[in-house]
Visitor: 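For reference, the structure I am asking about is given below.
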Amino acid sequence: MYINDEQLKTFLTDSGLVSAKKFDAIAKKAEKKKTSVSDMLVSEGELSEDDLRRSHAYVLGIPFINLANMKPDLNTLALIPEPIARRNNIVAFRQDADELEVAMLNTDDLAAIDFVKKKTRLKILPRLTDSASMKHMLRQYQKSLRDELGDIIARESKTLEKFGNANADANEQDLRKLAEGVPAIRILDSLLRHAIVQNASDIHIEPRENNLLVRYRIDGILHDAMTLPKNASSSIIARVKVLSNLRLDEKRLPQDGRFRMETDGDRVSFRVSILPTYHGEKAVMRLLREDVSGFTLESLGFHGEALERAHEATRKKTGLILVTGPTGSGKSTTLYTILDILNTPDVNISTVEDPIEYQMPRINQTQVRADIGFTFATGLRSLVRQDPDIIMVGEIRDKETASLAINAALTGHLVLSTLHTNSAAGAIPRLVDMGVEPFLLASVLQVVVGQRLVRTLCKEKDTIKLSANQLHSLEKNADMGAVLKTLKEDSIVSSKATWKSIEVAKEKPSDECKSGFSGRRGIQEVLRVSEAIRQLILSGAPTEKIEEQARKEGMLTMLEDGIYKSVNGSTSLSEVLRVVSE
């Protein structure tokens, strides 16, 4: 919110909140530090953020409202999806005919206002509020959804009781009747919507001896979500199978499928895996948000030298770009983000994937079908005859796919792919072990990105200083000098800082953010294939030698990048150590 300093000074001095002398002193500090007087008033402790908002509201003539004890109409609250509300601190609290009043912490967030206007087709009336009111209103989302889920499950589970344990031996016709019945539809629909709102990446529906356990993976950690009666198992699994076009009467073999749903403007695909277990069939659903536009390498966690190296590789017309890491480390998201950067009208981009995780406009995406002999290798052979400029291969799994990818890069294409290795340097010996000739690999490989995902801290966080023992322990596996140098270059710490004076971030659990974490971000290492590394590839050097040379050339390892991000407040050091040591 832009506000004239003289107007603010007049109001603050007239109301007795800040003296004229103090205001002038802070204004001089703000000018020196090239920041606003408003921000300086808060950082100096003269005003709280909420006091400043009230002052701005008064000067600008915007209504200020207190919602800390309000019980909102849940239908009105639901007009703004919870992820949007949390991300932009905007909630709907009152609707009157064609007008909607929304409470905000920043009424200058025009993008959020525009989104709500387009979604609701109502006239939006912004109101300023305080942090306590916003926290109270955001808590209502979870409360309303839990209440709704509890009511639906309690009501519909009773209906399912009449089927008893006979479900286990039901034929296909009976199972289809169960799957298309109201109880199964309502329960599964509620579970899916709840998972989307919670920003879960996976849903696990696990049969046990006496009940059915539902778990969500949120920010990489599995959480128990709810327990359902055992007799709900057959109908819910049958419902999942119907949505995924799987065989209802097949209970002895694993099955894989896919379905899609749209809720609150979010298009989400569910990748389904059904596996027979001792107590029945277990279903795991991976949630894939279909719209990935708007991601940038910076938003994924790339910064500094690593960011520049990644962008440099995307400017090449030929060569091979690899993203490595274990399952669930965000490799696909990084690849799709690079594709989004490369996706311009003057290039032809084709992919062969298993599965197609995100659908992207202007990109020709092909799904692997191993059951009919359509593999990565056969798909890649066909792609090179489609006049592509850029090729993305979902994963290099074998010698044939690796050789074809290398040959495509040699014949004038930019090739992107993933590989399962623990580090960026480890990708090179892995490809050589697959049978790729070192001289071919050395000539086409441009850059290798190794990455993991760490949970990001909530807005409220603590900080601690590293003890001598902690610092000594980190120095065994990380170049703390290189990390400190990067922190200084990026102005995260002062030029005179030492590890004795630097603080690292730590989670601070609260009612609003129970674990202290919300969301995930990458920690990366970006290995650029320099002339020295090409010589190491040609000589068959092991992973350790390649990584040693890359670090000499300025590469931060994933651990070092994690330490950097624990200092800049993105994540905690304990979270980094948990992920890197896994």
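These numbers come from a predicted model, not from an experiment.
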Visitor: How far apart are the closest heavy atoms of Val272 and Ser244, and which atoms are they?
Guide: CG2-OG, 3.3 Å
Visitor: Apply side chain to side chain contact (heavy atoms under 4.5 Å, CB included) to the pair His303 and Leu297, showing each step before the final yes or no.
Guide: CA-CA 8 Å; His303 63 91; Leu297 291 175; over 6 Å; no
Visitor: Do Tyr216 and His204 have ring centroids that are under 6.0 Å from one another?
Guide: no
Visitor: Quick one, Arg578 and Ile221 - any side-chain contact, counting heavy atoms below 4.5 Å?
Guide: yes
Visitor: In Å and rounded to the nearest 0.5 Å, what is the CG to CE distance from Asp340 to Met360?
Guide: 4.0 Å
Visitor: Output, in order, the C-alpha distance, side-chain angles, deciding distance and verdict of side chain to side chain contact (heavy atoms under 4.5 Å, CB included) for Leu453 and Asp219.
Guide: CA-CA 9 Å; Leu453 291 177; Asp219 297 339; over 6 Å; no
Visitor: If I take atom CZ from residue Arg193 and atom CG from residue Leu188, how far apart are they, to the nearest 0.5 angstrom?
Guide: 11.5 Å
Visitor: Under a 4.5 Å cut-off applied to non-hydrogen side-chain atoms, are Lys119 and Leu79 in contact?
Guide: no
Visitor: Within the structure provided, determine whether Ile185 and Arg239 are in side-chain contact (heavy-atom separation under 4.5 Å).
Guide: yes
Visitor: Would you say Thr129 and Phe93 make side-chain contact, with heavy atoms under 4.5 Å?
Guide: no
Visitor: If you measure from CD1 on Ile124 to CE on Met104, what distance do you get to the nearest 0.5 Å?
Guide: 10.0 Å
Visitor: Verify, without hydrogens or angle tests, whether Lys230 (side chain) and Arg208 (backbone) share a donor-acceptor contact under 3.5 angstrom.
Guide: yes
Visitor: Return the minimal non-hydrogen interatomic distance between Ile205 and Ile236, and the atom names on each side.
Guide: CD1-CG2, 4.0 Å
Visitor: Please determine which of Ser235, Ser234, Ser233 meets the side-chain contact (heavy atoms from CB on, under 4.5 Å) test together with Ile237.
Guide: Ser233
Visitor: Test your reading of the model: is there a side-chain donor-acceptor pair from Arg452 to the backbone of Val576, 3.5 Å cut-off?
Guide: no
Visitor: Gln365 vs Glu353, test: side-chain hydrogen bond (donor to acceptor under 3.5 Å, both in side chains). Steps then yes/no.
Guide: CA-CA 7 Å; Gln365 296 174 267; Glu353 307 171 53; 3.1 Å; yes
Visitor: Please determine whether side chain to side chain contact (heavy atoms under 4.5 Å, CB included) holds for the pair Ile523 and Lys565, giving the CA-CA distance in whole Å, both sets of side-chain angles, and the decisive distance to 0.1 Å.
Guide: CA-CA 8 Å; Ile523 52 173; Lys565 284 167 183 165; 4.0 Å; yes
Visitor: Of Asn88, Val91, Val102, which meets side-chain contact (heavy atoms from CB on, under 4.5 Å) against Ile80?
Guide: Val102
Visitor: Counting only N and O atoms by type, is there a donor-acceptor contact under 3.5 Å from the side chain of Lys331 to the main-chain atoms of Gly325?
Guide: yes
Visitor: Counting only N and O atoms by type, is there a donor-acceptor contact under 3.5 Å from the side chain of Ser515 to the main-chain atoms of Phe517?
Guide: yes
Visitor: Quick one, Leu339 and Met392 - any side-chain contact, counting heavy atoms below 4.5 Å?
Guide: yes
Visitor: Using 4.0 Å as the upper bound for N to carboxylate O, is an ion pair formed by Asp98 and Lys123?
Guide: no
Visitor: So do the side chains of Thr418 and Thr334 get within less than 4.5 Å of each other, counting heavy atoms only?
Guide: no
Visitor: Quick check for you: to the nearest 0.5 Å, what is the distance between Asn245 atom CG and Phe259 atom CZ?
Guide: 11.0 Å
Visitor: Does Ser572 use its side chain to pair, donor to acceptor, with the backbone of Lys506 at less than 3.5 Å?
Guide: no
Visitor: Do Ile196 and Met261 come close enough that some side-chain heavy atom pair is under 4.5 Å?
Guide: yes
Visitor: Go through the steps for Leu416 and Leu342 under the test side chain to side chain contact (heavy atoms under 4.5 Å, CB included), then give the verdict.
Guide: CA-CA 11 Å; Leu416 287 71; Leu342 296 167; 4.2 Å; yes
Visitor: Between Asn211 and Thr227 (side chain of the first, backbone of the second, donor and acceptor by atom type, cut-off under 3.5 Å), is there such a pair?
Guide: no
Visitor: Below 4.0 angstrom, N of the basic side chain to O of the carboxylate: do Lys135 and Glu460 qualify?
Guide: yes
Visitor: For residues Gly522 and Asp561, report the shortest heavy-atom separation together with the two atoms involved.
Guide: O-OD2, 4.4 Å
Visitor: Can you confirm whether Arg215 is buried at CZ, in the sense that more than 12 heavy atoms of other residues, nucleotides or ligands lie under 6.0 Å from that atom?
Guide: yes
Visitor: Atom CG of Leu222 and atom CG of Asp202: how far apart are they, to the nearest 0.5 Å?
Guide: 7.5 Å
Visitor: Ring centres under 6.0 Å, that's the criterion: do His311 and Phe302 meet it?
Guide: no
Visitor: Please report the closest heavy-atom contact between Asp256 and Leu246, naming both atoms and the distance.
Guide: O-CD2, 3.2 Å
Visitor: Is there a donor-acceptor pair under 3.5 Å between the side chain of Gln451 and the backbone N or O of Gly330?
Guide: yes
Visitor: Arg94 vs Glu99, test: salt bridge (Lys or Arg N to Asp or Glu O under 4.0 Å). Steps then yes/no.
Guide: CA-CA 8 Å; Arg94 188 179 295 127; Glu99 294 182 339; over 6 Å; no
Visitor: Shortest non-hydrogen contact from Ala195 to Ile203?
Guide: CB-CD1, 3.5 Å
Visitor: Side-chain contact test, heavy atoms from C-beta onward, threshold under 4.5 Å: evaluate it for Val454 versus Arg520 and give yes or no.
Guide: no
Visitor: Counting distance only, does the side-chain N/O of Thr456 pair as donor-acceptor with the main-chain N or O of Gly519 below 3.5 Å?
Guide: yes
Visitor: Over all heavy atoms of both residues, which pair between Gln524 and Leu300 is shortest? Give the atoms and the distance, please.
Guide: NE2-O, 3.1 Å
Visitor: Roughly how far, to the nearest 0.5 Å, is the OG atom of Ser518 from the CZ atom of Arg455?
Guide: 11.0 Å
Visitor: Measure from the side-chain N and O atoms of Ser269 to the backbone N and O of Leu288, and report whether any donor-acceptor pair falls under 3.5 Å.
Guide: no
Visitor: Look only at the side chain of Asn364 and the backbone of Ile349, and say whether a donor-acceptor pair between them is shorter than 3.5 Å.
Guide: yes
